[in-house]
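Per chain, numbering begins at 1; letters A, B, ... match sequence-line order. Reckoned from all heavy atoms, side chains included, excluding hydrogens, waters and symmetry mates.
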Number of protein chains: 2
Amino acid sequence: MSVQSRTLLDIAAEVLVTDPAASLAQVARAAGIGRTTLHKHYATRDDLLYAVAHRALELWEGAVESIPDGPDGGLRALAEAMVPIGPQLEFLWRTPAFDHVVEITDRWKAVEARGLAVLQRAQAHGVLRTAPPWWLLQTFYSLIYVAAECVMNGKLAPADAPDLVLSTFLTGLGTVIA
Amino acid sequence: MSVQSRTLLDIAAEVLVTDPAASLAQVARAAGIGRTTLHKHYATRDDLLYAVAHRALELWEGAVESIPDGPDGGLRALAEAMVPIGPQLEFLWRTPAFDHVVEITDRWKAVEARGLAVLQRAQAHGVLRTAPPWWLLQTFYSLIYVAAECVMNGKLAPADAPDLVLSTFLTGLGTVIA
DNA sequence: CCGACTCTGAACACTCATGTTCGCGACGGT
DNA sequence: ACCGTCGCGAACATGAGTGTTCAGAGTCGG
């Protein structure tokens, strides 16, 4: 059931990102199981949504957890770990309903703090310019998000994504003014 | 009705961004009108959604339309014009259902081309580094989006937004490596 | 071979958003 | 004062998604 549940939640995330109003029947069909069976795993629609959200948080935590320190504070490793879980992050970030669920927002804040820690490590290494922490975080995540999106619709090779994110994040897209 | 319709569509955009599954009753209540009256303006839910989308496109077109050329190709003016219409852009960008509506996607592509033209003007002025056009565009828009979001929840002063977007876009957030 | 388990489609009742109609009251022009 | 227009709430019918139950079919292990 662990593997089953894993792919089920991931498929659900993809379907629900594509169409947030998708019915449970669509999710079940996409997962190749019966609607009744889906209901047996997750009694209500909210149960499923929360499960997918927690699955996303779990992956996010896993990505942020074991980021080793380094010359860049672990920035590159963080980008490498987060781009592949783009679909799940998109689902989590783009579902406003979660903003009022304490279980989720608490976990969210915790993992965000871990991400911020990486950025501040990078800052301590002198890699990052002085800027408001929330702007650093939001900018970094938005680049991850965009890169993941570009990977998904085939415009960007998965292997190129982390480099692109990192170089854009650090040096921007303007010509070097020296 | 022009003014009426204007504020109505803007309110609808905000409500629907906050909760994409909001019922028409919620939208009507937020707009301070009766559900029946809302129905008289926009017969179906889809009609309302499309109207909001076209309203967003209209604002977007207006923002992108009259960008004068300049040393930066008009980049700063574009950022200044787009940040204020953040809510409408969020609604447009975050509603997957529009991806399959030709009327909207056509207009979307057109205005996106105008935005890309500004970026390429900037590139011609030597302001932008060589990079895939879609990455330039996506990155720029995502910064606009994030800045608009930060403005909305009070973390960022509206007047500071364009500068922050532009400096991040051009030089990134890393320390200058000289 | 048999029992336990799971998945499955069919069917059901239920809720809720939707779309429509109708009659009432307010406002503005004549 | 009269009448057309407009917005409004109440009420209704409809459809779709949801959650539940049930019995049959398949698989696996004893």
Side-chain angles (χ1 to χ4, degrees), chain A residues 1-56 87 90-92 94-101 103-104, chain B residues 1-56 87 90-92 94-101 103-104:
Chain A
M1 172 184 171
S2 175
V3 174
Q4 272 283 355
S5 177
R6 199 191 77 81
T7 61
L8 171 60
L9 290 180
D10 292 341
I11 292 171
E14 287 170 32
V15 172
L16 291 170
V17 162
T18 307
D19 175 16
S23 71
L24 297 186
Q26 288 175 258
V27 175
R29 194 154 4 98
I33 65 173
R35 191 174 72 96
T36 313
T37 309
L38 177 60
H39 247 293
K40 202 155 290 181
H41 285 305
Y42 307 100
T44 72
R45 179 189 180 86
D46 278 351
D47 283 345
L48 174 63
L49 261 54
Y50 294 166
V52 178
H54 276 106
R55 166 73 183 154
E90 283 196 28
F91 171 79
L92 183 63
R94 287 179 57 164
T95 306
F98 295 149
D99 293 352
H100 305 292
V101 184
E103 297 179 15
I104 294 178
Chain B
M1 173 184 170
S2 173
V3 175
Q4 272 281 357
S5 178
R6 198 190 77 81
T7 61
L8 171 59
L9 290 179
D10 293 340
I11 291 171
E14 286 170 33
V15 172
L16 291 171
V17 162
T18 307
D19 176 16
S23 71
L24 297 186
Q26 287 175 259
V27 175
R29 193 154 6 98
I33 65 174
R35 192 175 71 95
T36 314
T37 309
L38 177 61
H39 244 291
K40 203 152 292 183
H41 285 305
Y42 306 100
T44 73
R45 181 190 178 86
D46 278 351
D47 284 346
L48 175 64
L49 260 55
Y50 294 167
V52 177
H54 276 105
R55 165 75 183 153
E90 283 195 28
F91 171 79
L92 183 62
R94 286 178 58 163
T95 306
F98 295 149
D99 293 352
H100 304 291
V101 184
E103 300 179 14
I104 294 178

- In whole angstroms, how far is the P atom of D:dG17 from the CD atom of A:Gln26? 7 Å
- Counting only N and O atoms by type, is there a donor-acceptor contact under 3.5 Å from the side chain of A:Gln26 to the main-chain atoms of A:Ser23? yes
- In whole angstrom, what separates A:Leu38's CG from D:dT20's C1'? 14 Å
- Derivation of the side chain to side chain contact (heavy atoms under 4.5 Å, CB included) call for A:Leu49 and A:Tyr42: CA-CA 9 Å; A:Leu49 261 54; A:Tyr42 307 100; over 6 Å; no
Would you tabulate the nitrogen or oxygen pairs shorter than 3.5 Å linking the protein to nucleotides 18-22 of chain C?
from   : atom 1 : to      : atom 2 : distance (Å)
C:dT18 : OP1    : B:Arg45 : NH1    : 2.4
C:dT18 : OP2    : B:Leu24 : N      : 2.8
C:dG19 : OP2    : B:Arg45 : N      : 3.0
C:dG19 : N7     : B:Arg35 : NH1    : 3.2
C:dG19 : O6     : B:Arg35 : NH2    : 2.9

- Item | Distance, rounded to the nearest Å, where A:Leu48 contributes CG and D:dG17 contributes P | 16 Å
- For residues A:Pro96 and B:Arg94, report the shortest heavy-atom separation together with the two atoms involved. CG-NH2, 4.1 Å
- Message: Working note: A:Val52 + A:Leu92, criterion side chain to side chain contact (heavy atoms under 4.5 Å, CB included); need CA distance, chi angles, decisive distance, verdict.
- Response: CA-CA 8 Å; A:Val52 178; A:Leu92 183 63; over 6 Å; no
- Would you please test A:Leu8 and A:Leu38 for side chain to side chain contact (heavy atoms under 4.5 Å, CB included) and show each step? CA-CA 9 Å; A:Leu8 171 60; A:Leu38 177 60; 4.2 Å; yes
